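A quick write-up on the structure given underneath.
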Amino acid sequence: MKPFPYLQKANTSFTDREVTKIGDLMKEWDGETIRGVGLIGAPLSKSSISHSGACFAPGTIRKALSGYSTYSIEENIDLAKWIIQDLGDISMHVTDVLQSQNRIYETVQQLLKEHSSWLPVVLGGDNSITYPSIKGFKEAKGEVGVLQFDAHHDVRNLEDGGPSNGTPFRSLLETKTIKGTNLVQVGIRDFSNSKPYHDYVNKHGVTVYTMKDVRQSSMKKLMEASLKKLEQSVDSIYVSVDMDVIDQAQAPGCPAIGPGGMDAVDLFEAISYLGEHPIVKGLEIVEVDPTVDFRDMTSRVAAHVILNFLKGKQRGGLTFD
């Protein structure tokens, strides 16, 4: 018997022997073959056109994720056998945004080329990380389709502000990293975009579902139509979730909050459905700013996006153990 049996490490949380938490599955990557889910932090927010502390989000999302149970009571699915490896954060340059974005591209591309059988989950960071992440993803996975959940088109011109969090899909389309016909935007919100940018995405053949479309249809129908369209022309699909797609009441910790957004439950339904399909091979979450959040509400929603993605993968028959 230990001389002081009730002493434990400082800040040790309560442990219940009957509960398995996601944090119990999360392990630091040892540098060997990556298996299961790989979490990668891309803590860049200096490229934001407005104030943003999104560089702190990888940490708060990890913390929120680690505290949840592995068990989905709604579908009687337990994620307890999954392997979740934390690959760490990509080091950002202190002053050079382009250098930081290039580091994201190189890291994602090299990891996916050298380790092919794992599921990347990229934690931003602002939305500027999307261009280098998808660029690296494409070079490893072939022709890529993108399902973008976002209040904004994110195709701002590159002349006024350079490669910012408002330009990632402009960069992807202009460099022909993706084809406009292989991009589906879901949740585009009223009075949050300009007509020239709406004309731009229409010109490039982008499929756009506004929040009106989301309200008037079922999320499953929209996802079914999106997958049917993309599966005909791509090798893999990447899911990009800008958390400002969610209504400000449920995701207050975003730099660009606004009314009339998506219900978090609808987003969970979409992500879970997409996760079922083997062609969907990557997920990113961007635009969480913990410095303006309340009780980490938005990071908790982001954690549930990841949980629903894994639930869908397990429902579709994919497990890593």
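All values reported here derive from a predicted model rather than from experimental measurement.
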Side chains of D154 and Y197, donor plus acceptor under 3.5 Å: no
D293 side chain to T298 side chain, donor-acceptor N/O pair below 3.5 angstrom: yes
Stepwise side-chain contact (heavy atoms from CB on, under 4.5 Å) test for I61 and I306: CA-CA 10 Å; I61 295 172; I306 298 170; 4.1 Å; yes
When hydrophobic residues are tied together by side-chain contacts of less than 4.5 Å, even through go-betweens, does [X] share a cluster with [Y]?
X: V292; Y: V301; value: no
X: M297; Y: I257; value: no
X: I84; Y: L79; value: yes
X: W118; Y: I104; value: yes
X: I178; Y: V208; value: yes

Results of side-chain contact (heavy atoms from CB on, under 4.5 Å) for T175 - residues two or more places apart only: Y131, T177
Residue of the set S50, S47, S128, S48 for which side-chain hydrogen bond (donor to acceptor under 3.5 Å, both in side chains) holds with N165: S48
Derivation of the side-chain contact (heavy atoms from CB on, under 4.5 Å) call for H198 and N193: CA-CA 7 Å; H198 187 57; N193 300 272; 5.9 Å; no
Taking [X] for the side chain and [Y] for the main chain, is one N or O donor matched with an acceptor at less than 3.5 Å?
X: E287; Y: P255; answer: no
X: K113; Y: A140; answer: no
X: R189; Y: G258; answer: yes
X: E139; Y: Q109; answer: no
X: Q314; Y: D78; answer: yes
X: K46; Y: V94; answer: yes
X: R315; Y: S272; answer: yes

Looking only at heavy atoms, which two atoms of [X] and [Y] are closest? And how far apart?
X: L230; Y: L183; value: CD2-N, 4.4 Å
X: S171; Y: L158; value: OG-CD2, 3.8 Å
X: K311; Y: E74; value: NZ-OE1, 4.3 Å
X: R300; Y: R295; value: NE-O, 3.1 Å
X: S226; Y: V184; value: OG-CG1, 3.5 Å
X: D235; Y: K281; value: O-NZ, 3.7 Å

Ring centre gap for Y68 and H304 strictly below 6.0 Å: yes
Atom [atom1] in [X], atom [atom2] in [Y]: separation rounded to 0.5 Å?
X: E106; Y: L111; atom1: CD; atom2: CG; result: 11.5 Å
X: D126; Y: S45; atom1: CG; atom2: OG; result: 6.0 Å
X: Y200; Y: E174; atom1: OH; atom2: CD; result: 3.5 Å
X: L39; Y: L65; atom1: CG; atom2: CG; result: 6.5 Å
X: H153; Y: R170; atom1: NE2; atom2: CZ; result: 12.0 Å
X: K228; Y: M223; atom1: NZ; atom2: CE; result: 15.0 Å

Test side-chain contact (heavy atoms from CB on, under 4.5 Å) applied to D242 and Q148, step by step: CA-CA 8 Å; D242 181 333; Q148 173 196 358; over 6 Å; no
Counterpart residues, side-chain hydrogen bond (donor to acceptor under 3.5 Å, both in side chains), relative to E284 (two or more places apart): T130, Y238, S240
Exceeds 12 heavy-atom contacts within 6.0 angstrom, atom OH of Y71: yes
Exceeds 12 heavy-atom contacts within 6.0 angstrom, atom CD of E28: no
Would a 4.5 Å heavy-atom cut-off, applied to side chains only, mark [X] and [Y] as touching?
X: L227; Y: V280; answer: yes
X: I22; Y: L310; answer: no
X: W29; Y: D86; answer: no
X: E143; Y: K179; answer: yes
X: F309; Y: V37; answer: no
X: F149; Y: V239; answer: yes
X: Q248; Y: P259; answer: yes
X: Q101; Y: Y105; answer: no

Can I get a per-line list of side-chain donor-acceptor pairs under 3.5 Å for residues 211-220, giving both atom names and the distance, sequence neighbours left out?
residue	atom	partner	partner atom	Å
D213	OD2	T210	N	2.8
D213	OD2	T210	OG1	3.3
S218	OG	K221	N	3.1

Salt bridge (Lys or Arg N to Asp or Glu O under 4.0 Å) evaluation trace for K203 with D199: CA-CA 6 Å; K203 176 184 174 183; D199 292 342; over 6 Å; no
Derivation and outcome, salt bridge (Lys or Arg N to Asp or Glu O under 4.0 Å), residues K63 and D296: CA-CA 10 Å; K63 181 180 177 181; D296 291 332; 5.1 Å; no
From CA spacing to verdict: side-chain contact (heavy atoms from CB on, under 4.5 Å), V245, V186: CA-CA 8 Å; V245 75; V186 185; over 6 Å; no
Single hit among V234, L147, V144 for side-chain contact (heavy atoms from CB on, under 4.5 Å) with N182: V234
